[in-house]
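Count residues from 1 along the sequence. Note that this is a predicted model, so its numbers are computed, not measured.
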Amino acid sequence: MASSRQNPGIARGQGLYRLLALDMDGTLLNPAKVITPAVHEAVRAYMHSGGQVTIASGRFPASVWLHAKAAKMNAPLIALNGAVILDDATGGLKTGTPLPLEHVRKLIRFADERGAYIQLYGYNKLYVCELNEMNARWPLANVVVSPDKELNEQNYAQQLGMIEVVAVGDLQRFVSDPLAAPPIYKATIIGPSPDYISEWMKQLEEVEVSPALQKSSGQVITQNVQVQNGQAQNDQAQSEQDPGGAHSLQAQSAQAFTLTRTGRHRFDVNAYGVSKRTALEALCRDLHISGSEVAAVGDYDNDTDMLSWAGLGVAMGNARPHIKQLAKVVTSSNGEDGVAQVIQKFLL
């Protein structure tokens, strides 16, 4: 195991860490987007010893659920950078924190004024202005890849049926009616260069919201969504004010968004106060697990909060230097079964 920055006082041994939270891209998945046999085996061994395993990802709920099913994980799952917690057995939505629609409208205006591309994430639906070569293939980047199957629409048709790209025309008009517009849990903005992305993120960090919007942005959606035959069936939904915890941060700040860089040319936008960490905190409250009993593994900017918070925060060997710096342990890369090494050394 690579351990260029490892705290010698880190606790290790069976039973000390009751929950393992894994990022997907660059962490759980190797460069070919596959969970390797070594990682599968280590995850199974940890669960057999009594541990619980979850995924904490920026991906669609269906993608997170499909990969968790493939690894037979045993804890509720986190998707869309923490905006959604879903049931590990059914793939249904347990809780979600969407962006207030007025904030979504601000984002769309912001992108339009700068000639940026923007897409909106519902629950397993990607809303775009019009289909293009990039967004039409977005669902294919979310399937559980089999090494013996070519990555094409024919081979993965059943999985692709669980994620839909919806061309809505005018995005601003699409979200203009609060009674008709669906919950939007995340937005992605894509630009022509890293410099543009850095500047746009800086500008959005300065966007403020009115007191009325601060109050409404604390809403959490609870919904029973059953995923059957590739289709999401919505049985019941309600909105309620979050009585406390992570989401109440939104009522204490004028900031509108949580911004996370997810590539050189792109960044994600969630409601302010939403992150993988806040979702993990909520999950741990339900499971009666303390933060000190959590091991979290990741490699990118949307993992920083959960790595800093967890009792054992682990950076992958392929992570950027600033991610490794804040982690307690640095493991091998995702091409070298780094997750398996963490489990074997610290969790078993």
Side-chain angles (χ1 to χ4, degrees), residues 19-25 27-29 33-35 39-40 43-44 47 51-98 119-127 138-146 149 151 153 155-166 182-186 188 220-239 268 270 274 276 278-280 282-287 302 306:
L19 177 68
L20 172 62
L22 299 170
D23 168 56
M24 284 183 64
D25 295 287
T27 301
L28 175 65
L29 306 180
K33 304 297 184 182
V34 170
I35 306 176
V39 172
H40 266 294
V43 168
R44 283 196 298 268
M47 291 190 293
Q52 292 183 269
V53 182
T54 185
I55 290 173
S57 173
R59 287 200 187 197
F60 282 107
S63 182
V64 170
W65 183 63
L66 286 166
H67 284 82
K69 275 188 65 180
K72 299 182 180 179
M73 294 182 183
N74 59 354
L77 306 160
I78 295 167
L80 300 175
N81 293 330
V84 162
I85 298 176
L86 56 147
D87 188 284
D88 55 301
T90 67
L93 174 67
K94 290 173 68 68
T95 62
T97 306
Q119 56 190 24
L120 310 176
Y121 292 72
Y123 199 87
N124 293 328
K125 292 182 184 291
L126 183 68
Y127 301 107
W138 212 266
L140 199 58
N142 282 268
V143 300
V144 178
V145 176
S146 297
K149 288 185 179 180
L151 188 59
E153 293 182 358
N155 286 338
Y156 295 90
Q158 184 173 3
Q159 293 187 53
L160 292 176
M162 299 178 67
I163 299 172
E164 183 180 2
V165 182
V166 184
I184 302 300
Y185 295 102
K186 186 181 87 166
T188 293
V220 177
I221 290 179
T222 59
Q223 190 169 12
N224 182 13
V225 181
Q226 299 294 327
V227 180
Q228 298 175 344
N229 301 321
Q231 299 295 324
Q233 307 293 330
N234 295 350
D235 296 330
Q236 181 178 348
Q238 66 181 23
S239 293
D268 287 348
N270 292 95
V274 167
K276 293 183 182 182
T278 59
L280 270 176
L283 181 57
C284 285
R285 285 194 294 271
D286 288 344
L287 297 176
N302 60 349
M306 75 169 182

With side-chain contact (heavy atoms from CB on, under 4.5 Å) as the test, would you mind laying out the steps for Tyr185 and Thr97 before giving the verdict? CA-CA 6 Å; Tyr185 295 102; Thr97 306; 5.9 Å; no
Leu19 and Leu280: CA distance, side-chain angles, deciding distance, side-chain contact (heavy atoms from CB on, under 4.5 Å) verdict: CA-CA 10 Å; Leu19 177 68; Leu280 270 176; 4.1 Å; yes
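Residues satisfying the side-chain hydrogen bond (donor to acceptor under 3.5 Å, both in side chains) criterion with Lys125, sequence neighbours excluded, are Glu164. Remark: Gln52 pairs with no residue by the side-chain hydrogen bond (donor to acceptor under 3.5 Å, both in side chains) rule, at least two apart or across chains. Remark: Ala56 pairs with Ile78, Lys276, Met306 by the side chain to side chain contact (heavy atoms under 4.5 Å, CB included) rule, at least two apart or across chains. The salt bridge (charged side-chain N to carboxylate O under 4.0 Å, His left out) check on Asp268 picks up Lys186, with sequence neighbours excluded. Taking Asn302 as the reference, Asn81 meet the side-chain hydrogen bond (donor to acceptor under 3.5 Å, both in side chains) condition, with sequence neighbours excluded.
Remark: Leu77 CG to Ile55 CD1 distance equals 6.0 Å, nearest 0.5 Å. To the nearest 0.5 angstrom, His67 atom NE2 is 7.5 Å from Leu28 atom CG. For the atom pair NZ of Lys94 and CG of Asp286, the computed distance is 6.5 Å after rounding to the nearest 0.5 Å.
Between Trp65 and Asp88 the shortest heavy-atom distance is NE1-O, 3.1 Å. Residue Val274 comes nearest to Ala83 through the heavy atom pair CG1-N, 3.5 Å, listed as atom of the first residue, atom of the second, then distance. Annotation for Leu86 and Ala79: closest pair CD2-CB, 3.9 Å, computed over non-hydrogen atoms. Summarising the geometry of Gly51 relative to Asn74, their closest heavy-atom pair is O-ND2, 3.1 Å, with the distance given to 0.1 Å. Contact between Ala71 and Val43 at its shortest, heavy atoms only, is O-CG1, 4.4 Å. Nearest heavy-atom pair across Ala279 and Ile85 is O-CD1, 3.7 Å.
You'll find the side chain of Gln119 stays beyond 4.5 Å of the side chain of Val165, heavy atoms only. Using a 4.5 Å heavy-atom cutoff, the side chains of Ile184 and Tyr121 are not in contact. At a threshold of 4.5 Å between non-hydrogen side-chain atoms, the residues Tyr123 and Pro183 do not count as touching. Side chains of Val166 and Leu126 form no contact here, defined as non-hydrogen atoms less than 4.5 Å apart.
Thr54 places a side-chain N or O within donor-acceptor distance of the main-chain N or O of Pro76, the cut-off being under 3.5 Å. With hydrogens and angles disregarded, a donor-acceptor distance shorter than 3.5 Å links the side chain of Tyr156 to the backbone of Lys149.
Residue pairs that meet the salt bridge (Lys or Arg N to Asp or Glu O under 4.0 Å) test with at least one member in residues 66-87, sequence neighbours left out, do not exist here.
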Going by atom type alone, with no hydrogens or angles, which donor-acceptor pairs under 3.5 Å involve a side-chain atom of residues 139-146 and a protein atom two or more places apart or on another chain?
from: Asn142; atom 1: ND2; to: Trp138; atom 2: O; distance (Å): 2.9

